[in-house]
Amino acid sequence: MSFDLAVLAMDASADAVAARGMFERCSSGSHPEGELDERVVAFYERLRSHFPDHSPCAEDSPWMSTPLSVGIDHVIMHLSFSSRSDPALRAIEEFAAEFRLVVWDPQSQDAHLPPARAAGQDLPSMSVGFLGRLFGR
């Protein structure tokens, strides 16, 4: 069993309606071309350095489908609905916060925009609302 998450390059005023619309455009197959968003590139490079998305995947890979779906302004991930995805979920949360990207959960229709953080401050955690809902924890 699997579930999907998307990381979207949106501005700070993003909400669930805008994120849903962007996700639908990104996953429709008729996505516009343009310049790569540097935040998406940095997120994807960092994520795949920890969790490679090329075949053959390791037995403990969180990915149910590879390579990940990457566009100029998004990364769409199909993850295993099991504990083997826990480290990847924590990394997705951390890297999305670092690069100021929206995490879209198409199952719950929730958009998660990590709050800004001051220099030297720990990353805010979405785990209770975000990861907890995903796994009923």
Side-chain angles (χ1 to χ4, degrees):
M1 190 148 80
S2 68
F3 67 99
D4 299 335
L5 283 180
V7 174
L8 309 170
M10 302 181 78
D11 62 31
S13 66
D15 61 13
V17 173
R20 181 183 322 107
M22 183 173 181
F23 175 77
E24 288 171 359
R25 282 189 305 280
C26 292
S27 59
S28 73
S30 61
H31 193 276
E33 305 257 340
E35 294 295 317
L36 292 169
D37 188 293
E38 292 177 9
R39 299 171 298 164
V40 169
V41 172
F43 172 88
Y44 178 61
E45 290 297 322
R46 178 87 55 88
L47 185 64
R48 75 181 190 160
S49 74
H50 295 290
F51 306 96
D53 69 334
H54 52 79
S55 295
C57 287
E59 218 173 274
D60 62 346
S61 173
W63 313 127
M64 295 298 288
S65 176
T66 58
L68 302 181
S69 175
V70 181
I72 61 171
D73 56 2
H74 70 274
V75 178
I76 299 174
M77 300 153 282
H78 309 286
L79 294 108
S80 170
F81 194 78
S82 70
S83 61
R84 74 180 197 210
S85 291
D86 289 352
L89 289 169
R90 286 188 290 275
I92 292 164
E93 177 183 6
E94 177 183 337
F95 303 156
E98 179 180 348
F99 298 113
R100 303 292 305 139
L101 297 166
V102 172
V103 178
W104 172 249
D105 177 350
Q107 289 77 213
S108 67
Q109 301 285 294
D110 288 331
H112 306 276
L113 178 64
R117 62 184 172 120
Q121 186 180 23
D122 288 338
L123 283 173
S125 177
M126 298 184 288
S127 296
V128 172
F130 173 57
L131 299 179
R133 270 197 310 277
L134 283 175
F135 291 105
R137 296 179 186 153

Please check if the side chain of [X] supplies one atom and the backbone of [Y] the other of a donor-acceptor pair under 3.5 Å.
X     : Y     : result
Trp63 : Pro52 : yes
Arg84 : Pro62 : no
Ser80 : Ser85 : no

Within 6.0 angstrom of Glu45 CD, more than 12 heavy atoms from elsewhere: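 Count over threshold, so yes.
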From CZ (Phe43) to CD (Glu94), nearest 0.5 Å: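 Result: 10.5 Å between the selected atoms.
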If every non-hydrogen atom of [X] is compared with every non-hydrogen atom of [Y], which pair is closest and at what distance?
X      : Y     : answer
Leu101 : Ala9  : CD2-CA, 3.6 Å
Cys26  : Asp73 : SG-OD1, 3.6 Å
Leu68  : Asp53 : N-OD2, 3.0 Å
Phe99  : Arg39 : O-CD, 3.1 Å

For a 4.5 angstrom cut-off between non-hydrogen side-chain atoms, does [X] reach [Y]?
X      : Y     : value
Val7   : Met77 : yes
Leu79  : Ile92 : yes
Ile72  : Val40 : no
Trp104 : Leu5  : no

Joint hydrophobic cluster, Met64 plus Met1, side-chain heavy atoms closer than 4.5 Å: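 Hydrophobic grouping puts Met64 apart from Met1.
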Phe51 reachable from Phe81 in the ILVMFWY side-chain graph, under 4.5 Å edges: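 Same cluster: Phe81 reaches Phe51 through Ile, Leu, Val, Met, Phe, Trp or Tyr contacts under 4.5 Å.
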Under 3.5 Å, sequence neighbours excluded: what are the donor-acceptor pairs made by side chains of residues 18-25?
unit_1	atom_1	unit_2	atom_2	d
Arg20	NE	Gln109	OE1	2.6
Arg25	NH1	Gly21	O	3.2

Test side chain to side chain donor-acceptor pair (under 3.5 Å) applied to His78 - qualifying residues, sequence neighbours left out: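 Result, side chain to side chain donor-acceptor pair (under 3.5 Å) vs His78: Asp4.
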